[in-house]
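Worksheet for the structure shown next.
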There are 2 protein chains.
Amino acid sequence: MESSDVLALDNQVCFALYAANRAVTARYRPLLAELGLTYPQYLVMLVLWEGADGGQVRVTDIGERLRLDSGTLTPLLKRLEQGGLVERRRSTEDERSVIVTLTEKGQTLQNQARQIPARLLCDSGVEPEKIAALRDELRALLSRLEDA
Amino acid sequence: MESSDVLALDNQVCFALYAANRAVTARYRPLLAELGLTYPQYLVMLVLWEGADGGQVRVTDIGERLRLDSGTLTPLLKRLEQGGLVERRRSTEDERSVIVTLTEKGQTLQNQARQIPARLLCDSGVEPEKIAALRDELRALLSRLEDA
DNA sequence: ACCAATTATATTGTGCACAACTTATTATCA
DNA sequence: TGATAATAAGTTGTGCACAATATAATTGGT
């Protein structure tokens, strides 16, 4: 029967993941546009707002957190810098590293961003418990894939 | 407490989705490279291999299935055409539409592709039932987002 | 101290995604 | 029928992702 075909689109987790990811991102887009951010830029800001390492965050640290490399992050961070949200400077103790710090404007933006998760949940009308369960399953999948 | 912060990266479903999607795609990449396909190209081939509409598949049909627009599909299909996997021609009954059909080479590729889902599951070592459950939850989320 | 290996970021090139716009064709209805 | 709207692809421009490579700085072993 058709529905058991290993190549049927609707049987693929990969496609469900791909489509759901783009649908969620599309939901974020108008809300983030109000802050002048794209979705990946928002993720970088989340890392910076967590303020680990006392603000001494290297490009590599962001990359490890988000699983992104310098080829993605360098131009993204330059755009955030142009928008006045972050500053980039070479570390004095290790000239190979670039330290990314929030500007005043970048810090202030966090207050506006706090409303986003709630607005998104409200818009989509999905139960918070289901969302949390899904999140945990996805994280489990991710660590499985990263370990193997 | 930190773990309840609405902006904490690890609390975001969106990030779990984003990271898991890229991790899964990364798993596909080397397998698909053997077929000369990228991941989105593979999804288009899945649609064509399903052979709906008796091979009379328009660009719009592919777009509806994959939730992609012509701005993404047109160049992608041109690359598939250059690779000799598909043909593109204007519909005779509606000159606005472009009909995409599989070439002999494109059809043959399906046989090589059939092994991919099994190899992927094997590599990642995740239980098939869990995968199926996750897929269904993601699809439910997707239809929620598309309806609202 | 010197050299090889490692590390951190940047650059280049390809291929998506998606918004905004254009062009061509078909459908609608006054 | 003739203007107008709707539809289907294509084009252009921006911003990711990621592979491959380059450059510069640091580290480790001798």
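Proteins come first, then strands; the chains are lettered A, B, ... in the order of their sequence lines, and each starts at number 1.
- Rounded to a whole Å, the CD atom of A:Q82 is 13 Å from the C1' atom of D:dT14.
- The nearest whole Å value for the distance from the CG atom in A:L73 to the C1' atom in C:dT7 is 16 Å.
- OP1 and OP2 of C:dT7 both lie 4.0 Å or more from every side-chain N or O belonging to A:R58.
- Remark: B:T38 is in phosphate contact with C:dC16, judged by side-chain N or O atoms under 4.0 Å from OP1 or OP2.
- Residue B:R22 places at least one side-chain N or O closer than 4.0 Å to OP1 or OP2 of D:dC18.
- One interatomic measurement links the two molecules: CD of A:E93 to C1' of D:dT27, which rounds to 16 Å at whole-angstrom precision.
- In the set C:dC16, D:dA17, D:dG15, C:dC16 carries the atom at the smallest distance from any side-chain atom of B:P40.
- In this structure, B:I62 atom CD1 and C:dC16 atom P are separated by 13 Å, rounded to whole Å.
- Side-chain N or O atoms of B:R139 include one that pairs as donor or acceptor with a backbone N or O of A:D10 at under 3.5 Å.
- Here the P atom of nucleotide C:dG15 and the CE atom of B:M45 are 16 Å apart, to the nearest Å.
- In this structure, A:Q12 contributes its side chain and A:L9 its backbone to no donor-acceptor pair below 3.5 Å.
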The test is side chain to side chain contact (heavy atoms under 4.5 Å, CB included); show your working for A:L138 and B:L134 and say whether it passes. CA-CA 8 Å; A:L138 289 168; B:L134 180 59; 4.1 Å; yes

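- A close approach under 4.0 Å does occur between a side-chain nitrogen or oxygen of A:K78 and OP1 or OP2 of C:dT11.
- Close to D:dT27, at under 4.0 Å from its OP1 or OP2, lies no side-chain N or O of A:R96.
- Put simply, CG on B:L66 is 16 Å from C1' on C:dG15, counting in whole angstrom units.
- The side chain of B:D69 has C:dC18 as its nearest neighbour among D:dG10, C:dC18, C:dT25.
- Between B:L80 and the choices B:V100, B:L37, B:T103, the side-chain contact (heavy atoms from CB on, under 4.5 Å) rule is met once, by B:L37.
- Nearest-nucleotide assignment on DNA chain C puts the 5′-proximal partner with A:G71, out of A:A26 and A:G71.
- In this structure, B:L68 places its CG atom 14 Å from C1' of C:dA19, rounding to the nearest Å.
- If you check distances only, the side chain of B:S70 does reach the base of D:dG10 with a donor-acceptor pair under 3.5 Å.
- Between C:dT11, D:dA25, C:dC16, one nucleotide has an atom nearer to the side chain of A:E95 than all others, and that is D:dA25.
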Apply side chain to side chain contact (heavy atoms under 4.5 Å, CB included) to residues A:L109 and A:W49 and explain how you reach the verdict. CA-CA 10 Å; A:L109 198 66; A:W49 285 329; 3.9 Å; yes

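- In this structure, B:T72 reaches the bases: a heavy-atom distance under 4.0 Å links it to at least one base atom across the strands shown.
- Note on A:Q41: every side-chain N or O is 4.0 Å or more away from OP1 and OP2 of D:dG15.
- Heavy atoms of B:L76 sit under 4.0 angstrom from primed sugar atoms or phosphate atoms, though from no base atom.
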Carefully, step by step, assess A:I62 and A:L77 under the rule side chain to side chain contact (heavy atoms under 4.5 Å, CB included). CA-CA 10 Å; A:I62 301 172; A:L77 289 166; 4.3 Å; yes

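- Put simply, A:R88 has a side-chain N or O that comes within less than 4.0 Å of OP1 or OP2 on C:dA10.
- For the pair A:T25 and C:dA17, the criterion of a side-chain N or O lying under 4.0 Å from OP1 or OP2 is not met.
- Contact annotation: B:Y39 side-chain N/O to C:dG15 OP1/OP2 distance is not under 4.0 Å.
- The side chain of A:D94 sits closest to D:dA25 out of D:dA17, D:dA25, C:dA10.
- Whole-Å rounding puts the A:L43 CG to D:dA17 P distance at 8 Å.
- For A:R29, a side-chain nitrogen or oxygen approaches OP1 or OP2 of C:dA19 to under 4.0 Å.
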